[in-house]
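Working notes, beginning with the structure itself.
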Amino acid sequence: MRNSEIAALLYSISELLELKGENPFKVRAYVKAARAIEGMTEDIEEMAAQKRLREIPGVGASIAEKIEEYLITGKIELYGDLLKQVPAQLHDLMRIPGIGPKTAQVLYKKLGVKSIDELEKAARQHRVRRLEGFGAKKEENIIRAIERYRQRSTRIPLGTALPLARGIIETLKKYGVTDRIEPAGSLRRKKETVGDIDLQATSKDPLTAIEAFVHLPVVKTILGKGSTKATIVTRDAIQIDLRIVEDRSFGTSLQYFTGSKEHNIKLRDLARQKGLKLSEYNLEDVLTGKKIYCSSDDEVYIKLGLPPIPAEIREDTGEIEAALQGKLPELVELGEIKGDFHTHTNWSEGTNTLEDMALAAKYMGYEYIAITDHSKSLGVAHGLNEERLRKQMEEIERLNGKLEDFHIFSGTEVDIKADASIDFPDSILRQCDVVVAALHVGQRQTRREITGRLIAAMENEHVDIIAHPTGRIIGEREGYDVDMDALLTTAANTDTVLEINAYPSRLDLSDVNARKAKSRGVRLTIDTDSHSTEQLGFMEFGINVARRAWIEKEDLVNTRAVKDVRFKD
DNA sequence: GCCGTTTTCGGCCCGACTGTTTTCAGTCG
């Protein structure tokens with residue numbers, strides 16, 4: 001599929017148009033089309049062949065023509081023309097807060113500045129302040145913004161941000177300085193990484209609340225402090241905003257600051273069509289001027305005539321349309337999870353015993369757990385050989401005789417070796433209740449080789465689940481080069497279950513890929529890959545991914561009662 | 001450039017802040 005390739009091209013065109021100072025709505029039109037193409041599961045080449053490109057929301061006559069041009073000739077004339085007028089690199093300047101398309105264009109035209117380095121040099125030489133419409137203050141702000149940009153930390157994994165935010169909320173509640181307090185922004189939408197942490201609160205005494213916030217023990221620097229808003233940076237270089245809002249505006253404000261921006265644009269447009277004006281302060285009847293206040297963000301949706309849209313899917317990827325048609329998914333909830341199919345014990349590299357893991361899972365309210373220690377070739381993880389695996393099965397049988405209302409499935413996380421063979425023979429795999437297959441070595445092979453190995457594993461009748469299908473580690477390494485389209489097709493054809501690995505640094509499949517898997521009819525499971533009893537709690541992070549992927553209870557294997565669990569025959 | 005249960009043309013989310021101005025453009029969230 002060439003969907004992402006074409007989406008990337010449309011994004012580039014929009015960036016160049018933006019730099020050129022083109023009509024902002026035209027710029028947005030390209031972004032909208034790119035987003036739609038990026039997120040859809042249908043093959044764009046097939047749609048083009050069937051002359052169905054204009055069915056894609058946001059694709060009209062002009063963009064459809066350009067996509068066809070690209071598929072036939074391999075290039076788009078407009079794109080080439082734009083590149084002759086504006087250096088593509090110039091868009092980097094807009095990464096500096098305070099610099100938008102207009103400023104970037106002026107800096108380029110008047111000073112020849114194309115990169116952040118060149119801009120910093122020009123500013124330090126006081127060449128920027130002499131430009132018309134600029135001044136000393138603006139120049140200083142640019143220098144400071146570049147400094148902050150350089151030392152700013154990369155995006156924060158949700159696994160770090162969420163506990164931090166909860167801790168702060170708990171503390172402020174304990175101090176009694178805030179009444180209602182909630183996370184907003186991408187944190188509330190549970191994105192896998194967040195840029196900063198947004199908190200929103202109400203308070204009878206906003207000044208005291210702000211003071212308490214900026215003096216929390218985690219605070220390293222206070223970036224700003226006003227009467228209703230403060231921004232701090234923690235010792236771990238994480239930026240946190242606290243905003244105090246009026247009690248009656250809490251719902252509209254939370255809706256607004258939760259975003260996403262694209263979702264809000266569409267929602268406000270919808271409000272307008274109904275004769276209402278939605279802002280962060282209230283919902284206003286345009287004709288009568290009557291103001292409507294909402295105590296929760298759910299209420300905002302209800303007042304707009306929609307069912308409440310869960311925060312996790314507010315990304316303008318079809319959720320508003322679904323809400324209008326009454327077809328919102330019933331997103332899976334943590335309480336619906338009945339077991340975990342990927343866990344480790346001290347038989348391989350885990351820290352707890354079999355019994356510890358089982359009891360912890362039972363205590364969490366689960367009906368079952370699968371023990372899937374590594375297989376023999378994974379020496380670093382003390383992988384089990386056939387002999388030890390058989391012993392473990394005996395131990396599991398013994399425990400199953402002892403445990404009440406709980407079942408342990410015996411399993412293995414069997415390695416898919418570099419030559420595409422499976423680390424255990426079929427005779428062994430057959431004896432396991434659950435076979436989880438995963439790729440650990442040879443991660444740098446070509447796309448063809450990697451995909452071939454995964455497909456070979458899925459075609460093995462004993463392989464039930466593919467664990468962490470892309471191998472990515474958030475903030476550390478991209479996944480291995482896998483043909484996701486081929487992977488999903490084979491998973492669907494062989495009825496192999498794909499994993500949403502809940503380990504916070506993995507979250508693999510990602511939200512986007514998990515949603516594609518669902519739309520292809522692939523069955524999924526959320527597993528923690530726990531190496532200790534505490535890590536069984538990572539399930540929450542897998543649920544976040546699943547909800548962002550529009551996953552419902554029925555799409556998952558591990559929402560089934562123990563008697564209904566079945567894998568491919 | 002896209003789009004239509006008020007529209008095939010004229011709209012396209014909304015409010016606030018900042019710095020440069022002397023009434024506003026640019027940027028942000």
Side-chain angles (χ1 to χ4, degrees), chain A residues 10 13-14 16-36 53-67 76 78 93-107 128-142 144-145 184-189 194-198 200 224 226-229 231 239 241 243 245 249 252-284 286-287 300 304-305 314 316 320-321 324-325:
Chain A
L10 296 177
I13 291 176
S14 87
L16 294 171
L17 290 172
E18 188 178 23
L19 283 168
K20 262 194 70 190
E22 264 284 3
N23 175 1
F25 298 106
K26 186 168 170 178
V27 174
R28 220 173 74 199
Y30 276 91
V31 173
K32 259 184 92 176
R35 276 166 48 87
L53 286 176
R54 296 195 57 182
E55 286 176 20
I56 303 166
V59 175
S62 173
I63 292 182
E65 203 176 285
K66 291 186 178 67
I67 294 170
I76 296 179
L78 168 72
L93 287 191
M94 291 172 57
R95 293 224 282 262
I96 304 301
I99 296 186
K102 293 287 185 333
T103 312
Q105 186 69 240
V106 171
L107 290 167
V128 172
R129 65 173 68 185
R130 291 200 286 267
L131 296 174
E132 200 184 328
F134 288 72
K137 196 134 188 185
K138 204 159 183 176
E139 188 177 77
E140 271 165 39
N141 284 344
I142 287 174
R144 262 190 295 153
S186 50
L187 184 75
R188 188 150 179 275
R189 302 202 309 280
V194 300
D196 59 10
I197 294 176
D198 287 314
Q200 169 179 315
S227 56
T228 60
K229 195 192 151 191
T231 303
Q239 186 174 318
D241 287 352
R243 186 184 315 271
V245 304
S249 292
T252 45
S253 180
L254 186 61
Q255 193 289 318
Y256 170 64
F257 284 107
T258 296
S260 64
K261 187 177 167 219
E262 291 76 13
H263 173 89
N264 285 351
I265 288 173
K266 188 162 277 183
L267 193 70
R268 288 174 175 208
D269 184 40
L270 183 76
R272 249 178 18 87
Q273 289 170 32
K274 291 178 183 271
L276 298 164
K277 192 173 74 176
L278 175 61
S279 76
E280 64 201 87
Y281 302 104
N282 53 49
L283 198 55
E284 184 184 331
V286 178
L287 275 182
V300 176
L304 287 171
R314 296 181 198 164
D316 187 25
I320 291 176
E321 292 81 354
L324 280 167
Q325 295 163 12

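Naming: A, B, ... by sequence-line order, numbering from 1 per chain.
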May I ask you to say what [X] touches in the nucleic acid, namely base, sugar-phosphate or nothing, with a heavy-atom cut-off under 4.0 Å?
X      : value
A/K137 : sugar-phosphate
A/P24  : nothing
A/V27  : nothing
A/L131 : nothing
A/L267 : nothing
A/A33  : nothing
A/F134 : sugar-phosphate

Separation of the [atom1] atoms in [N] and [M], to the nearest angstrom:
N      : M      : atom1 : value
B/dT20 : B/dC14 : C1'   : 23 Å
B/dT22 : B/dT18 : C1'   : 16 Å
B/dG1  : B/dT5  : C1'   : 24 Å
B/dG26 : B/dT21 : P     : 13 Å
B/dT6  : B/dC2  : P     : 24 Å
B/dC13 : B/dG4  : P     : 14 Å

task = Check whether any side-chain heavy atom of A/R28 lies under 4.5 Å from a side-chain heavy atom of A/I265, and answer yes or no.
result =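 SC-SC contact between A/R28 and A/I265 confirmed.
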query = Would a 4.5 Å heavy-atom cut-off, applied to side chains only, mark A/L254 and A/R188 as touching?
reply =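 Yes, close enough: below the 4.5 Å cut-off.
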message = Quick check for you: to the nearest 0.5 Å, what is the distance between A/Q200 atom CD and A/E280 atom CD?
response =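 Answer rounded to 0.5 Å: 9.5 Å.
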request  = Find the distance between OG1 (A/T103) and NZ (A/K138) and round it off to the nearest 0.5 Å.
outcome  =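 Result: 5.0 Å between the selected atoms.
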inquiry  = Looking at B/dT8, which nucleotide sits across from it as a Watson-Crick or G-U wobble partner, both distances under 3.5 angstrom, or is there none?
reply    =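 In the structure as shown, B/dT8 has no Watson-Crick or wobble partner.
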Short side-chain N/O contact from [X] to OP1 or OP2 of [N], under 4.0 Å:
X      : N      : value
A/Y30  : B/dC2  : no
A/N141 : B/dT18 : no
A/S279 : B/dC14 : no
A/K66  : B/dG1  : yes
A/R54  : B/dC2  : no
A/K277 : B/dG15 : yes

Atom-pair distance ([atom1] on [X]; [atom2] on [N]), nearest Å:
X      : N      : atom1 : atom2 : answer
A/E132 : B/dC24 : CD    : C1'   : 14 Å
A/L283 : B/dC13 : CG    : C1'   : 13 Å
A/L278 : B/dG29 : CG    : P     : 19 Å
A/D241 : B/dC17 : CG    : P     : 15 Å
A/K26  : B/dC9  : NZ    : P     : 19 Å

inquiry  = So for atom CD, which belongs to A/E65, do other residues, nucleotides or ligands contribute more than 12 heavy atoms lying within a distance under 6.0 Å?
reply    =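 No.
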From C-beta outward on [X], which listed nucleotide comes closest to its side chain: [options]?
X      : options                : result
A/R272 : B/dG1, B/dG15, B/dC12  : B/dC12
A/K138 : B/dG1, B/dG19, B/dC14  : B/dG19
A/P97  : B/dG15, B/dC2, B/dC28  : B/dC28
A/I265 : B/dC13, B/dG1, B/dG19  : B/dC13
A/K102 : B/dT20, B/dG29, B/dT27 : B/dT27

key: Nearest-nucleotide 5' precedence on DNA chain B, A/N23 against A/L276   =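 With A/N23 and A/L276 compared, the 5'-side residue is A/N23.
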query = Closest nucleotide of DNA chain B for A/I96 versus for A/K261: which of these residues is on the 5' side?
reply =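 Going by which nucleotide is closer to the 5' end, it is A/K261.
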request  = Over all heavy atoms of both residues, which pair between A/I320 and A/H263 is shortest? Give the atoms and the distance, please.
outcome  =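 That closest heavy-atom pairing would be CD1-O, 3.7 Å.
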message = Does this structure show an ion pair linking A/D269 with A/K266, if we count only N-O contacts that are shorter than 4.0 Å?
response =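 Not counted as a salt bridge, because no side-chain N and carboxylate O are separated by less than 4.0 Å.
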